[in-house]
Amino acid sequence: MRAPGLVILTGAGISRESGLATFRDPDGIWAKVRIEDVATPEAFARDPARVHAFYNARRAQLRDPALQPNAAHLALAELDRRWPGEFLLVTQNVDNLHERAGTRRLLHMHGELMKARCRHCQTVRLWEEDLSTAVACPACGRAGGMRPHVVWFGEMPLEMERIGRALEGCGIFAAIGTSGHVYPAAGFVAEVAGRARTIELNIAASEVASDFDEAMLGPATETVPRLVAELLAEWGD
Ligand code: BV8
């Protein structure tokens with residue numbers, strides 16, 4: 001029998017054990033800064049320097065060689081390599097730990113911290129250094145328009161059609177390390193409920209836990225390798 005289509009959704013919890021803060025845990029990012037001040041288009045229009053400083057600090061942390069993918073990222077990369085059917089890892093995270101772990105069939109629905117976009121010409125390119133309004137776009141030469149290539153609140157997430165197609169065809173959906181607070185990502189499980197096996201991997205029940213058939217409670221570095229081993233034992237090559 002053909003392996004079912006597999007869609008995995010990850011959130012900040014999968015990167016927690018690599019040393020990156022989550023958003024809504026007590027020590028999380030939103031305990032230190034307000035969304036309205038740093039993660040909306042209005043905030044960027046009002047005070048671009050403040051928004052750039054917020055993302056420059058997170059980009060600098062991601063450049064730290066001590067910050068590495070963890071066992072959960074690595075297990076998902078192995079699952080991607082060995083899954084014989086359709087596979088898509090949709091991450092809400094803007095860090096680059098999934099690609100550094102080796103995952104190929106990956107989609108960043110909220111953008112990427114190590115990329116910048118020009119608001120004048122829309123060119124997106126790898127950008128690992130600080131950004132500011134003084135930076136001129138290497139493509140069109142105009143300054144003042146470079147922004148982090150991330151999706152802010154009130155902006156449309158990326159590649160929603162591709163995500164929709166993957167959800168339509170999936171037989172197994174797992175959400176890992178996400179609080180189920182932010183839409184449309186938090187609504188994906190409801191889209192597939194009833195026709196896909198749905199599993200939530202978290203250290204605590206998310207806000208949409210009741211939409212899932214199954215839960216695996218514990219840190220991602222323990223639960224994800226366990227889920228990957230189980231799925232590959234049943235369906236692997
Ligand atoms: C949209 C990128 C529509 C940037 C992010 C009013 C006005 C405008 C919009 C809205 C509104 N009301 C509602 C909305 C919709 C809004 C929304 O949902 N708001 C919330 C606050 C209610 N959504 C949007 O705006 C989205 N866009 O709706 O567009 C549209 C339609 C037409 C035209 C235009 C637009 C866009 C939202 C994207 C925002 N960008 N990130 C950046 O990183 O700075 S959001 C950010 O928070 C993440 O990307 C993620 O999506 C979200 C939630 O974060 P999580 O990843 O879940 O992390 P969190 O800290 O919350 O939870 C961590 C979890 O890990 C916990 O469950 C914890 O238990 C677990 N955990 C911790 N440690 C571990 C662990 N698990 C396992 N192991 C561990 N060790």
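All ligand and atom numbering here is 1-based and tracks the order in the structure.
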How close does the nearest protein non-hydrogen atom get to atom 15 (C) of ligand 1, and which residue and atom is it? Tyr183 O, 4.3 Å

Is Glu99 paired with Arg105 through a side-chain N to carboxylate O contact shorter than 4.0 Å? no

Under 3.5 Å between some N or O of ligand 1 and some N or O of Val151? yes

In terms of atom number and element, which parts of ligand 1 are under 4.0 angstrom from non-hydrogen atoms of Gly11? 56 (O)

Would Ser206 count as a contact of ligand 1 if the rule is a heavy atom under 4.0 Å away? no

Would you mind listing which atoms of ligand 1 come within a distance below 4.0 Å of any non-hydrogen atom of Asp25? 68 (C), 72 (C)

Does Arg147 make a cation-pi contact with Trp152 (under 6.0 Å, within 45 degrees of the axis)? yes

So the atoms of ligand 1 within less than 4.0 Å of a heavy atom of Gly177 turn out to be 63 (C), 64 (C), 65 (O), 76 (N)

Establish, yes or no, whether a centroid distance under 6.0 Å links the rings of His52 and Phe44. yes

Side chains of His73 and Thr103: do they bring a donor and an acceptor to under 3.5 Å? no

With a 4.0 Å cut-off on heavy atoms, is Trp30 in contact with ligand 1? no

Under 4.0 angstrom from ligand 1, any heavy atom of Gly154? yes

Closest to atom 1 (C) of ligand 1 (judged by heavy-atom distance), picking from Glu155, Met156, Arg58, Glu222: Glu155

Any atoms of ligand 1 less than 4.0 Å from a non-hydrogen atom of Pro219? List them with their elements. 78 (N)

Nearest neighbour in protein (non-hydrogen) for atom 38 (C) of ligand 1: His110 NE2, 3.5 Å

